[in-house]
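Notes follow the structure.
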Amino acid sequence: MVCAAVVSLLLVVALMACTATSTGTRDEGPARSEPVASSPTGAASPTPRVKRADAVKLLKADPEVDAGIKRDLKPCVGDEYPVDVSYGDLTGAKVSDVVINVLTCGDAVGVGAYVYRVADVGKAAATQGYVNVFRNETPPVYAEIDRGDLVVTRQMYDKGDSVAYPSGEEVVTYQWKDGAFAEHFRQHNDYSNTVTSEPPQALSETPSPARSEAAPAA
């Protein structure tokens, strides 16, 4: 009986040793599905490349630009024209869109705002390979790119307002949809009417006249 017990104990120990050192497959239930790193399927579209444009030549060659704006578009100083140019993605094209604002030389009032998009293949293109997709020639106006949206601001003046102090502004946000800009949001802001037509002056104290001290009696 003792021998049988010893043999049984030795068999159990041997089996445990084999189990601990075995490298074979073991039945532990269904394997867990671990996430595998892979490239995202919805990768962001590449940033459109910037293609510099000659804004003045582009405007003057564009038949949609008002003739009066073309006529008045002259250098303010030397060869510096009153135009602001911005590049950004507004229409989803492979080349950055061009936003051009035409200003007056004297007080920098916006007289025209334009957006040019690179011409699609097979379509008629304006000068330098661009087409006019937006224009606003109602001054004072200014267009900007804001996180992929076109934001156009117009200053509002009441009778008697000076150029420096408008009564308010109207801000319109446009988004590119179905091949054109569509109004997305409109906001109107009224400015305080406490501001006068004169520039604010820094507050200063008027010095009081020097006092005449009486000489002490001898």
Qualifying residues under side chain to side chain contact (heavy atoms under 4.5 Å, CB included), relative to Asp158, sequence neighbours excluded: Asp161, Ser167

Candidate pair Tyr191 and Glu169, rule side-chain contact (heavy atoms from CB on, under 4.5 Å), full reasoning: CA-CA 8 Å; Tyr191 299 152; Glu169 67 177 7; 2.8 Å; yes

Before you tell me yes or no, could you show the steps for Asn101 and Val83 under side-chain contact (heavy atoms from CB on, under 4.5 Å), namely the whole-Å CA-CA distance, both residues' side-chain angles and the distance that decides it to 0.1 Å? CA-CA 5 Å; Asn101 288 283; Val83 293; over 6 Å; no

Partner residues of Arg135 under the salt bridge (charged side-chain N to carboxylate O under 4.0 Å, His left out) criterion, sequence neighbours left out: Glu64, Glu137

Identify the two heavy atoms, one from Ala93 and one from Val118, that lie closest to each other, and give their separation to 0.1 Å. CB-CG1, 3.8 Å

Shared hydrophobic cluster, Tyr114 / Val50 (ILVMFWY, side-chain heavy atoms < 4.5 Å): yes

Quick one: does Pro48's side chain get under 4.5 Å of Val95's, heavy atoms only? no

Please name all residues satisfying salt bridge (charged side-chain N to carboxylate O under 4.0 Å, His left out) with Glu183, sequence neighbours left out, ordered by chain then number. Arg186

Would you say Leu150 and Val115 make side-chain contact, with heavy atoms under 4.5 Å? yes

Asp62, Thr91, Asp97 screened by side-chain hydrogen bond (donor to acceptor under 3.5 Å, both in side chains) with Tyr116, the one that passes: Asp62

Please report the closest heavy-atom contact between Ala119 and Val131, naming both atoms and the distance. CB-CG1, 4.1 Å

Taking NZ in Lys60 as the centre, count heavy atoms belonging to other residues, nucleotides or ligands within less than 6.0 Å. Is the count above 12? yes

Side chains of Thr173 and Asp146, heavy atoms from C-beta outward: is any pair under 4.5 Å? no

Flag side-chain contact, heavy atom, 4.5 Å: Val85 against Val99: no

Contacts of Tyr87 that satisfy ring pair (Phe, Tyr, Trp, His ring centres under 6.0 Å) - sequence neighbours left out: none

Shortest non-hydrogen separation from Ala53 to Gln128 and the atoms involved: CA-OE1, 3.5 Å

A side-chain contact here means heavy atoms from C-beta on lying under 4.5 Å apart; do Glu170 and Gln187 qualify? no

Starting at CD of Gln155, measure out to CG of Asn189 and round the result to the nearest 0.5 Å. 9.5 Å

Which distance, rounded to the nearest 0.5 Å, do you find between the CG of Leu59 and the CG of Asp66? 11.5 Å

Taking every non-hydrogen atom, the tightest pair across Tyr157 and Tyr165: CE2-C, 4.3 Å

Side-chain contact test, heavy atoms from C-beta onward, threshold under 4.5 Å: evaluate it for Val151 versus Val171 and give yes or no. yes

With sequence neighbours left out, what residues match Arg52 under salt bridge (charged side-chain N to carboxylate O under 4.0 Å, His left out)? none

Roughly how far, to the nearest 0.5 Å, is the OG atom of Ser96 from the CZ atom of Arg49? 9.0 Å

When every non-hydrogen atom of Asn136 is compared with those of Thr138, the smallest separation belongs to OD1-N, 3.0 Å

Other cluster members, Tyr142 - Ile/Leu/Val/Met/Phe/Trp/Tyr, side-chain contacts below 4.5 Å: Leu103

Do the side chains of Tyr130 and Val98 get nearer than 4.5 Å, heavy atoms only? yes

Report the C-alpha separation of Leu58 and Ile100 in whole Å, then their side-chain angles, then the decisive distance to 0.1 Å, and conclude whether the side-chain contact (heavy atoms from CB on, under 4.5 Å) test is met. CA-CA 10 Å; Leu58 186 58; Ile100 304 176; 4.0 Å; yes

Rounded distance [0.5 Å steps], CG in Asp149 versus CD in Glu144: 12.5 Å

Does the side chain of His188 come within less than 4.5 Å of Met156's, by heavy atoms? yes

